[in-house]
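Before any comments, here is the structure.
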Amino acid sequence: MMRKIAVIPGDGTGPEVIREGLKVLEATAQRYNLKYETKIFDFGGERYLKTGKTLEPSDINELKKYSAIYLGAIGHPEVKPGILETGILLKLRFSFDQYINLRPVKLYNADFCPLKDKKPEDVDFVVVRENSEGLYKGMGEFRNKGAQDEVATQISYNTRRGVERCIRYAFEYCRRRNKKKKLTLCGKTNVLTFAWDLWQRTFDEVAKEYPDITTDYAHVDATTMWFLKNPEWFDVIVTDNMFGDIITDLGAMIQGGMGIAAGGNINPEGISMFEPIGGSAPKYTGKNVINPLAAICAAGMMLENLGEIKAAQAVEDAVIKIVQTKLKSLAAGRMGYSTTEVGDLVVGNL
Ligand code: IPM
Ligand code: MN
């Protein structure tokens with residue numbers, strides 16, 4: 001089967017890490033006899049500065065022809081914060097209704113964990129972040145902008161349908177993952193009494209259909225505490241868009257840093273998009289020092305999503321091997337290898 005993959009290298013170090021991801025994809029495809037073609041799209045800060053365009057409706061239409069999207073990073077120091085993020089990244093997530101942001105938090109080498117005495121078996125969970133609603137919906141307004149009595153509101157928008165499809169996905173994922181079979185709802189029922197009442201009620205109702213899954217609840221503030229103290233308590237966590245954004249940066253740190261953290265923006269019925277969860281890292285751009293493993297792991301997640309389970313596993317195994325035996329650090333500039341060399345190491349261990 002011929003797959004078409006849309007590649008958006010994007011800004012900053014995006015192109016450098018995507019190049020390594022594509023290198024690994026190519027080598028994996030040869031080994032597992034996969035057929036695919038790629039097309040590079042230049043959406044990002046440079047194109048915006050030249051043309052004033054983020055993503056046009058015609059761009060979205062063009063992307064509909066693809067099986068998956070592989071994204072590097074979006075964010076440019078010369079563009080005001082918010083323009084590229086909402087105009088490109090969030091626009092993609094929303095246009096393709098990628099309502100799940102799946103972010104595995106897995107430690108591959110205890111030496112790279114900032115937590116004392118935590119081993120790979122202690123840091124192994126997955127965050128299922130709602131990816132289409134909540135505070136990210138963009139609802140709100142200014143009143144009396146610029147005046148002394150200015151008011152700015154930003155609304156967290158939660159629909160029963162949106163919450164339920166996310167929670168259901170999390171239960172199904174937890175069952176399929178088949179590890180601790182425990183799903184934790186991460187929220188803030190003690191303060192955000194409308195939104196989290198809906199989440200809690202929906203969670204409790206859906207839970208009845210999954211008697212094999214143990215359920216738990218943790219407030220988001222407590223969740224950050226447990227991430228540091230007892231990460232081994234978690235298996236799968238389901239949460240809203242904003243909390244998911246925040247806790248997965250902390251999750252990335254306990255799995256070894258942004259250099260290794262990958263995620264998928266999933267539409268289980270449509271076109272999904274895979275990306276390293278870190279940003280465009282302008283200060284490391286063009287130096288061949290950025291860690292490409294997050295992008296490589298994102299390519300692995302893409303293979304899994306396309307049904308190529310063995311190929312996906314091979315990519316992860318190769319990453320684990322070099323993280324355990326070769327790299328001196330997962331941080332940019334301190335890996336003991338350049339960006340391109342790390343890509344080559346993964347290929348060599350496939
Ligand atoms: C992420 C990023 C994005 C988000 C930004 C760049 C819009 O932080 O993917 O976690 O907030 O979702
Ligand atoms: Mn984030």
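Note that ligands are numbered from 1 as they come in the structure, with each ligand's atoms numbered from 1 the same way.
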Under 4.0 Å from a heavy atom of [X]: which atoms of ligand 1 are those, numbered in the order shown and with their elements?
{"X": "Arg93", "answer": "1 (C), 4 (C), 9 (O), 12 (O)"}
{"X": "Arg103", "answer": "1 (C), 9 (O), 10 (O)"}
{"X": "Leu89", "answer": "3 (C), 6 (C)"}

- Quick one: is the NZ or CZ of Lys179 closer than 6.0 Å to the six-membered ring centre of Phe125, and within 45° of its axis? no

- Six-ring centre of Tyr99, Arg165 cation under 6.0 angstrom, axis tolerance 45°: yes

- Measure the distance from atom 10 (O) of ligand 1 to every protein heavy atom, then report the residue, atom name and distance (to 0.1 Å) of the closest one.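 For this ligand atom, the closest protein heavy atom is Asp245 OD1, 2.9 Å.
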
- What residue and heavy atom of the protein are closest to atom 4 (C) of ligand 1, and at what distance?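 The answer is Tyr136 OH, 3.5 Å.
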
- Task: Could you tell me whether the side chains of Gln98 and Ser132 share a donor-acceptor contact shorter than 3.5 Å?
- Result: no

- Message: Any donor-acceptor pair under 3.5 Å linking the side-chain atoms of Tyr136 with those of Asn131?
- Response: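 Tyr136 and Asn131 do not have a side-chain donor-acceptor pair below 3.5 Å.
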
- Message: With a cut-off of 2.8 Å, does Asp245 put an N/O/S atom close enough to the Mn ion (ligand 2)?
- Response: yes

- Indicate yes or no for a side-chain donor-acceptor contact from Thr159 to the backbone of Gly162 under 3.5 Å, with no hydrogens or angles considered.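 Checking the backbone N and O of Gly162 against the side chain of Thr159, a donor-acceptor pair under 3.5 Å is found.
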
- Query: Under 3.5 Å, N or O to N or O, is Glu85 touching ligand 1 that way?
  - Reply: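 No, there is no polar N/O contact under 3.5 Å.
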
- Item | Salt-bridge criterion met for Glu37 and Arg3 (N-O under 4.0 Å) |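 So Glu37 does not pair with Arg3 through a salt bridge.
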
